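Small disclaimer: the values here were computed from a predicted structure and weren't measured. Heavy atoms only: backbone and side chains are in, while hydrogens, waters and symmetry mates are out.
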Amino acid sequence: SRSKDKATIELVERFVRSLSEEYEREGTKQTEYLCDLASAHFNSVRLLAHATKLQGLVDRGKLKEADSSAMAYNRIDIGSTTDIDVFQDKDAIKEVFAEKQPDLIRYPGAVGEFFKGALGRDCFVAIQAPEKRGKTWMLMDMAWMGAIQRRKVVFFSVGDMSQLQMMERLVVRAAQKPLYPCEVTVPIEMKLSKLKDDEGRWKYNALLKTKRKRFKKSLGWGSSVKGFQEILRTQIKSKTTMFRLSTHPGLSIGVDGIRGKIQEWARNGWVPDIIVVDYADILAPPSGVRETRDQINQTWIGLRSLSQTFHCLVLTATQADAASYDVKTQGMKNFSNDKRKHGHVTAEFGLNQTEDEEDRGILRFNWLVRRGAKINKSQCVNVAGCLDLSRPVIKSCW
């Protein structure tokens, strides 16, 4: 803005315009994290220049001037740590009334209504369920949906499944064919029936209409490659990496290790919109914390910090307690190890299933915790899918 040289002005304008166009092409908006990075960079440059100036004053014996200059130093804040004047900052006031940022993952139908408003930036969402209930399936489905909706996703698989096991599920999802010849059941319609029992109480039951589909041949790698290429061509429409898979043995990586990996990618221009951790209970404990419950609490604080530092959506899962085996619908009391988990998430939902629902391939989701929204913890959305095709969510109803 101070330059009088037209060539310099045109050069800078052309450079800034190209950055703006590149930013628009990316399809994801990590504005707040970019501002945080810019603030850190500007302060680093400013501090170095200030230190050089102070050293020069000291070397010349101008100690009073050096002291005054040191006291007058101010840092630059343009990111999430910016201080504001609550009564007079018009931009901060306007931001309250600005259009709310959309969810980073969108589902159709009833399950989409269930998740609406809970899967945005700076959110930390957990799944609570007993083992083998479908936590990993659901995390993978949410990661997949985010990626095909042009969100940058990283999935940290820690101890629960190997890279090969994860990729088996993903190639099936891409090709929409099972690995081996079989007959699969695919839901095509789902609705809720409402009947009174003998005592006059309303009884709700999800009715599911399905179709059978037979696959006579095993899935080959060529079909899987074509499936991924078709998704890139018709849905993602970008050469940018949209889905990273990072696999680690149990207890081999913690929140600090995850943070380090993301910072490394960020330095190369790749910042995730969605971070999935499967799952929180088997992350390496933070160093310097001995008591088990405090280790768990610090891990969950760290996961929450990831969502705030990178201004992204963080998804994870946690085991429910033994009592959850016998309850129809989980509640907040079904936590395992430390109830403070509930306090760190912005939302948490349970995966519920009776034996009859398991036989019919139906799951029920209910909110356990949801910050800033009124919830009915006993109200469930019914979901049906086909795990043989790596699709846990195909139809849903209230």
State whether the number of non-hydrogen atoms from other residues, nucleotides or ligands found under 6.0 Å of R290 atom CZ is greater than 12. no
From CA spacing to verdict: side-chain contact (heavy atoms from CB on, under 4.5 Å), W270, V154: CA-CA 10 Å; W270 195 90; V154 56; 4.2 Å; yes
Could you tell me whether Y107 and F114 have their ring centroids closer than 6.0 angstrom? no
Looking only at side-chain N and O atoms, does T329 offer a donor or acceptor that is under 3.5 Å from a partner on N352? no
Check step by step if side-chain hydrogen bond (donor to acceptor under 3.5 Å, both in side chains) holds for N205 and S193. CA-CA 5 Å; N205 187 39; S193 72; 4.5 Å; no
side-chain hydrogen bond (donor to acceptor under 3.5 Å, both in side chains) between D59 and Q55: does it pass, once the steps are laid out? CA-CA 6 Å; D59 291 343; Q55 186 64 54; 2.9 Å; yes
Quick one: do D388 and K213 make a salt bridge, cutoff under 4.0 Å? no
Within residues 139-176 or reaching into it, pairs that qualify as ring-ring contact (aromatic ring centres under 6.0 Å, His included) - sequence neighbours excluded: none
In short, L389 meets P178 closest at the heavy-atom pair CD2-CD, 3.7 Å
Do V271 and K152 pass the side-chain contact (heavy atoms from CB on, under 4.5 Å) test, and can you show the C-alpha distance, the side-chain angles, and the key distance before you say yes or no? CA-CA 7 Å; V271 184; K152 295 175 184 173; 5.8 Å; no
Kindly indicate, with the supporting measurements, whether the criterion side-chain contact (heavy atoms from CB on, under 4.5 Å) is fulfilled by R259 and S305. CA-CA 10 Å; R259 187 189 303 274; S305 175; 3.4 Å; yes
Report yes or no: do I282 and M161 belong to one cluster of Ile/Leu/Val/Met/Phe/Trp/Tyr joined by side chain heavy-atom distances under 4.5 Å? no
Do N376 and Q379 have side-chain atoms, one donor and one acceptor, less than 3.5 Å apart? no
Establish whether I362 and L387 are linked, either directly or via other cluster members, by ILVMFWY side-chain heavy-atom contacts under 4.5 Å. no
Are E264 and K261 close enough for a salt bridge, meaning some N to O gap below 4.0 Å? no
Do the non-hydrogen side-chain atoms of M142 and I274 ever get within less than 4.5 Å of each other? no
Salt-bridge contact D103-R151 (side-chain N to carboxylate O under 4.0 Å): no
Within a reach of under 6.0 Å around NZ of K177, are more than 12 heavy atoms found that belong to other residues, nucleotides or ligands? no
Quick one: salt bridge (charged side-chain N to carboxylate O under 4.0 Å, His left out) pairs with a partner in residues 200-210, sequence neighbours left out? D197-R201, E199-R201
Shortest non-hydrogen contact from I258 toward L306: CG2-CD1, 3.9 Å
Please name the pair of heavy atoms, one in V381 and one in S396, separated by the smallest distance, quoted to 0.1 Å. CG2-CB, 4.4 Å
In this structure, are over 12 heavy atoms from other groups packed under 6.0 Å from Q163 atom CD? no
Looking at E291, I want to see if its CD is surrounded by more than 12 non-hydrogen atoms of other residues, nucleotides or ligands under 6.0 Å. yes
Name the orientation class of the two ring planes belonging to H342 and F335 (parallel below 30°, tilted from 30 to 60°, perpendicular beyond 60°). perpendicular
Closest non-hydrogen atom pair between I231 and A174, with its separation: CD1-CA, 4.0 Å
Shared hydrophobic cluster, V314 / Y279 (ILVMFWY, side-chain heavy atoms < 4.5 Å): no
Pair R173 + D141, salt bridge at N-O below 4.0 Å: yes
Joint cluster assignment, M166 & L315, ILVMFWY side-chain distance < 4.5 Å: yes
Please report the shortest heavy-atom distance between P130 and Q319, naming the atom on each side. C-OE1, 3.5 Å
Excluding sequence neighbours, so at least two apart, what forms side-chain hydrogen bond (donor to acceptor under 3.5 Å, both in side chains) with D160? T136
